[in-house]
Amino acid sequence: MGFWHFLFIRAALVYLVYTALLGTLFYLLPGLQGPFRPSHVHAGLVGFFLQMVMGVAYWMMPRPGGLRQDGLEGLTFVLLNAGLLLRLVLEPLYFLGQEGLRPWLAVSGGFQLLAALVFAWAMGRRVVTGDMLRKMREERERRGG
């Protein structure tokens, strides 16, 4: 397991615990539900579920031709978590009446969108047909590698 795969999965587990703790607090302090519910759901779906999927996909998906994507993995991780953390901090404040935070929430969404686009592009390079693999192998053999 590579460095970024490890970080994706560890961060996903942190968000899982955060989500469970916050969900429990909702029963103890029901007033938290209003401002924290949207970010609670987002932490579970994006922070835990999507991040786990991305980490496992980067780790386990085939690497045709020995493809290395450390830079794309790191960029995806940083963008996703920067956007997610920004949202988790600012969104409850926004729902408590801080209208001026709306542009920063848009930035948060933009970071997460960019992370999804980087991930989709990286995975697109890994999804190849048998014919494409044969051509890659032939090209590598022709170059002497």
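Residues meeting the salt bridge (charged side-chain N to carboxylate O under 4.0 Å, His left out) test with Arg134, sequence neighbours left out: Asp131. Here Phe36 pairs with nothing under the ring-ring contact (aromatic ring centres under 6.0 Å, His included) rule; sequence neighbours left out. Not counting sequence neighbours, the partners of Glu73 by the side chain to side chain donor-acceptor pair (under 3.5 Å) test are His5, Arg126.
No side-chain heavy atom of Tyr58 sits less than 4.5 Å from a side-chain heavy atom of Trp4.
Follow the hydrophobic side-chain contacts under 4.5 Å out from Phe3 and you reach Leu79 in the same cluster. Tracing side-chain contacts under 4.5 Å through hydrophobic residues (I, L, V, M, F, W, Y), one never reaches Phe77 starting from Val14; they form parts of separate clusters. Residues Leu93 and Leu85 share a hydrophobic cluster, clusters being chains of Ile/Leu/Val/Met/Phe/Trp/Tyr side chains in contact below 4.5 Å. Residues Val127 and Met60 share a hydrophobic cluster, clusters being chains of Ile/Leu/Val/Met/Phe/Trp/Tyr side chains in contact below 4.5 Å.
Atoms CD and CH2, on Gln69 and Trp121 in that order, are 7.5 Å from each other to the nearest 0.5 Å. Put simply, CE on Met123 and CZ on Arg125 are 10.5 Å apart, with the number rounded to the nearest 0.5 Å. Note that the CD atom of Glu91 and the CG atom of Leu86 stand 10.5 Å from one another [nearest 0.5 Å].
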Less than 3.5 Å apart, which donor and acceptor atoms pair up between the side chains of residues 96-104 and the rest of the protein, not counting sequence neighbours?
from   : atom 1 : to    : atom 2 : distance (Å)
Arg102 : NH2    : Tyr94 : OH     : 2.3

Output side-chain donor-acceptor pairs under 3.5 Å for residues 45-55, partner residues at least two apart or in another chain, one line each.
from  : atom 1 : to    : atom 2 : distance (Å)
Gln51 : OE1    : Asn81 : ND2    : 2.6
Gln51 : NE2    : Gly47 : O      : 3.1
Gln51 : NE2    : Asn81 : OD1    : 3.4

Solution key, residues 18-28 side-chain donor-acceptor pairs under 3.5 Å, sequence neighbours excluded:
from  : atom 1 : to    : atom 2 : distance (Å)
Thr19 : OG1    : Tyr15 : O      : 2.7
Thr19 : OG1    : Gly44 : N      : 3.4
Thr24 : OG1    : Ala20 : O      : 2.9

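When all heavy atoms of Leu80 and Gln112 are compared, the pair lying nearest together is O-CG, 4.0 Å. Closest approach of Ser108 to Gly83, counting heavy atoms only: OG-O, 2.7 Å. Nearest approach of Phe111 to Ala82, heavy atoms of both residues: CD1-CB, 3.9 Å.
Enclosure of atom CZ in Arg10 is not indicated, since only 12 or fewer non-hydrogen atoms of other residues, nucleotides or ligands lie within 6.0 angstrom.
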Checklist entry - Which is it for Ile9 and Trp59 under the side chain to side chain contact (heavy atoms under 4.5 Å, CB included) test, yes or no, and what are the steps along the way? => result CA-CA 10 Å; Ile9 292 169; Trp59 177 30; 4.1 Å; yes
Checklist entry - Where do Glu139 and Arg143 land on the salt bridge (charged side-chain N to carboxylate O under 4.0 Å, His left out) test, with the steps shown first? => result CA-CA 6 Å; Glu139 177 66 26; Arg143 288 190 310 235; 3.8 Å; yes
